[in-house]
**Q** 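Structure incoming, see below.
Note: hydrogens, waters and symmetry copies are ignored here, and every other heavy atom, side chains too, is used. It should be emphasised that the depicted structure is a prediction, and the values quoted were computed from it without experimental measurement.
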Amino acid sequence: MSESSGPGLRRAVTTPLLFLFILGDVLGAGVYVLVGEVAGEAGGAVWLPLIIALALAMLTASSYAELATTYPRAGGASHYTTRAFGPFVGFVVGFCMLAAGIVSVAALARGFGGDYLTEFVDLPVAGVAVVFLVALALLNARGIKESLRANTVATLIEVGGLVLVIVLGVWVALRGDADYARLTDLGTSEHGVAAGLLSASVLAFYSFVGFETSVNIAEETKDPRRSYPRALFGALLVAGLVYLLVGLAASAVVPTETLVESSGPLLEVVREAGGVPEKLFSAIALVAVANGALLTGIMSSRLAYGMARDGLLPGALARVLPGRGTPWVAIAATSVLSILLALTGDVATLASTLVLMLLIVFVGVNLAVLVLRRRPGPDAAADHYRTPTALPVLAILSCVVLFTQIDGEVWLRGLLLLAAGLALGAIAGARARHQAAAAKMPADLTSDRR
């Protein structure tokens, strides 16, 4: 394998550091706002869709583990699918990743304006979402260093909030006030057991997203062949255990109807348990939601900036704020789109739209791992993690099943986003072919003169 002429990134990330990075990326805001939505689809047993979602995430994670250790310098799903299927498919997959990030920020903005905030002040959710997104955009534009400093503190706070919910659930159980019958209550008046579980699993899947972005630091990981799979699977399993315990606590402590009606479902656990100020937990939840939106907003704006710099999106998105070095046009554009989505959809619809976009990405990644095995390329690492062939196949089938559980309104939003990606991909492809032809022309003319 040939080496780059320039210095590479330093391999300084150990397995424990990578584990904590992935765990912090997965554990977060989704479960704070979606437990009630999951209960509305599946019934009282909200823990079961969380476990199903974990199993589905692990299937696709196995493909990411193989690709990240085979191409430790790769740039994620878009790079893998470009290798396997060409630049057009790679662009569409990258665009779906970008769209998923923008939709996620919109969903979290709506969640920020719900019952957690109502503990302090009662304001219209739409208005709060707009102000919230503008504030995040300003922090993002101020600088990556300031944003990541805020993230370090916020991550500790949001994980502490989830641990608190688990402890309160145990306390209620020990004093004899838990209702264990709700743990096996499956199905609702609108959904049967099977349909309810699958529909709820689509929403629960949102709680596990984030692991797919960890491939971007594979190049900086010591011995990625061993470290990356261990850290990835370990972090997902720990996150799954935390979510399982949170789901059990919520189901056993809070009546299902209360969970369904609340936009701050974990706050209901605190209310039922008592002993912890509701305002304190609401503040923790608001920090978790804001942190999730900030991290996703950073990712989305940088992805838009990178695609613009590569000529795949309008060049204006690559402009950088003087003195700050932040992609202010990309930040503004992605924030405006998040505001529009936040004003036109509720949390459940937006979360399902995000999952739809990521399912498209995951289908591409799982197909790519099967294709690239047959033609790995000269820069593929010889010693890499290899997932059993059955797992990417099962992952693709699971994505297809989840596709069937997504509502028509969500499909409409998703297809509009996908159509925009296809159109931009066609334009970018045509521009690339034109530039290649223009670059080749002088050489041809020179050879003719000779």
**Q** Do Ser104 and Tyr206 have a side chain donor and acceptor closer than 3.5 Å?
**A**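 Note: Ser104 and Tyr206 side chains meet the donor-acceptor criterion.
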
**Q** Give the minimum heavy-atom separation between Gly169 and Val253, together with the two atoms involved.
**A**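 Smallest interatomic distance, heavy atoms only, reads CA-CG2, 4.0 Å.
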
**Q** Give me the atom names and distance for the closest heavy-atom approach of Tyr116 to Leu286.
**A**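 Taking Tyr116 first and Leu286 second, the nearest heavy atoms are CB-CD2, 3.8 Å.
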
**Q** Start with the C-alpha gap between Val269 and Leu164, add the side-chain angles, then the distance that decides, and say whether side chain to side chain contact (heavy atoms under 4.5 Å, CB included) holds.
**A** CA-CA 10 Å; Val269 178; Leu164 177 60; over 6 Å; no

**Q** Would you please classify the geometry between the Phe403 ring and the Trp411 ring as parallel, tilted or perpendicular, with 30° and 60° separating the classes?
**A**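 Tilted, since the angle between the ring planes falls between 30° and 60°.
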
**Q** Given 3.5 Å as the limit, does a donor-acceptor pair link the side chain of Thr334 with the main chain of Ile331, or not?
**A**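 Yes; judged by distance alone, with no hydrogens or angles, the pair exists.
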
**Q** Nearest 0.5 Å, please: how far is CG in Leu136 from CG in Leu138?
**A**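 Here the interatomic distance stands at 9.0 Å.
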
**Q** Would you give the length of the straight line joining atom CG of Leu236 to atom CZ of Phe19, rounded to the nearest 0.5 angstrom?
**A** 10.0 Å

**Q** Going from CD1 on Ile102 to CE on Met357, what distance comes out if it is rounded to the nearest 0.5 angstrom?
**A**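 The CD1 atom of Ile102 sits 11.0 Å away from the CE atom of Met357.
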
**Q** Kindly say whether Ala57 contributes a backbone atom to a donor-acceptor pair with the side chain of Thr60 at under 3.5 angstrom?
**A**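 Flag not set: sc Thr60 to bb Ala57 has no pair under 3.5 Å.
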
**Q** If you define the side chain from C-beta out and look only at heavy atoms, does anything of Leu350 sit under 4.5 Å from Val410?
**A**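 No. Closest side-chain heavy atoms not under 4.5 Å.
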
**Q** Quick check against the 3.5 Å criterion: does Ser62 have a side-chain atom that pairs as donor or acceptor with the backbone of Leu59?
**A** yes

**Q** Answer yes or no: is there a side-chain heavy-atom contact under 4.5 Å between Leu417 and Thr353?
**A** yes

**Q** Do Phe211 and Phe362 have ring centroids that are under 6.0 Å from one another?
**A** yes

**Q** Determine whether Phe91 and Ser78 satisfy the following criterion, side chain to side chain contact (heavy atoms under 4.5 Å, CB included), listing intermediate values before the conclusion.
**A** CA-CA 6 Å; Phe91 172 86; Ser78 179; 6.0 Å; no

**Q** Decide yes or no for Val172 and Glu272: does some side-chain heavy atom of the first lie under 4.5 Å from some side-chain heavy atom of the second?
**A** no

**Q** Could you tell me whether the side chain of Glu66 and the main chain of Thr387 form a donor-acceptor pair under 3.5 Å?
**A** yes

**Q** Thr70 and His384: side-chain donor and acceptor closer than 3.5 Å?
**A**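 Indeed, the side chains of Thr70 and His384 share at least one donor-acceptor pair under 3.5 Å.
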
**Q** Between Leu56 and Ser398, which heavy-atom pair has the shortest distance, and what is it?
**A** CD2-CB, 3.3 Å

**Q** Run the side chain to side chain contact (heavy atoms under 4.5 Å, CB included) test on Val38 and Leu50 for me, step by step, so that the C-alpha distance in whole Å, both residues' side-chain angles and the decisive distance to 0.1 Å come before the verdict.
**A** CA-CA 9 Å; Val38 171; Leu50 288 166; 5.6 Å; no

**Q** Taking the side chain as every heavy atom from C-beta outward, state whether Glu119 and Leu267 have any atom pair closer than 4.5 Å.
**A** yes

**Q** Report yes if the distance between the aromatic ring centroids of Trp47 and Tyr243 is under 6.0 Å, otherwise no.
**A**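 Ring-ring flag for Trp47/Tyr243: false, centres at least 6.0 Å apart.
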
**Q** Is the shortest heavy-atom distance from the side chain of Thr349 to the side chain of Asp346 under 4.5 Å?
**A**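 Of all side-chain heavy-atom pairs linking Asp346 with Thr349, at least one is under 4.5 Å.
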
**Q** What's the shortest heavy-atom distance between Glu37 and Ala348, and which atoms?
**A**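 Distance-wise, the nearest heavy atoms are OE1-CB, 3.5 Å.
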
**Q** Quick one: OG on Ser63 to OH on Tyr385, what's the gap to the nearest 0.5 Å?
**A**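 Atom-to-atom, Ser63:OG and Tyr385:OH are 9.0 Å apart.
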
**Q** For residues Ala65 and Tyr228, report the shortest heavy-atom separation together with the two atoms involved.
**A**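 Nearest pair, atom of Ala65 first, then Tyr228: CA-CE2, 3.7 Å.
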
**Q** In the structure I gave you, are the side-chain heavy atoms of Val93 and Ile360 within less than 4.5 Å of one another anywhere?
**A** no

**Q** I'd like to check Pro327 versus Arg302 (side-chain heavy atoms, cut-off strictly below 4.5 Å). Are they in contact?
**A** yes

**Q** Of all heavy-atom pairs between Leu133 and Ala342, which one has the smallest distance, and what is that distance?
**A** CD1-CB, 4.3 Å

**Q** Between Thr344 and Arg413, is any pair of side-chain heavy atoms under 4.5 Å apart?
**A** yes

**Q** Please determine whether side chain to side chain donor-acceptor pair (under 3.5 Å) holds for the pair Ser262 and Glu268, giving the CA-CA distance in whole Å, both sets of side-chain angles, and the decisive distance to 0.1 Å.
**A** CA-CA 8 Å; Ser262 176; Glu268 305 301 334; 3.2 Å; yes

**Q** I need the Glu278 CD to Thr118 OG1 distance, nearest 0.5 Å.
**A**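 One gets 12.0 Å once the value is rounded to the nearest 0.5 Å.
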
**Q** Is there a donor-acceptor contact under 3.5 Å linking the side chains of Asn140 and Ser301?
**A**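 Present: a donor and an acceptor within the cut-off.
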
**Q** Do Leu162 and Tyr32 pass the side chain to side chain contact (heavy atoms under 4.5 Å, CB included) test, and can you show the C-alpha distance, the side-chain angles, and the key distance before you say yes or no?
**A** CA-CA 8 Å; Leu162 296 178; Tyr32 276 92; 3.7 Å; yes

**Q** If you measure from CG on Leu117 to CZ on Phe132, what distance do you get to the nearest 0.5 Å?
**A**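 Leu117 atom CG to Phe132 atom CZ measures 10.5 Å (nearest 0.5 Å).
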
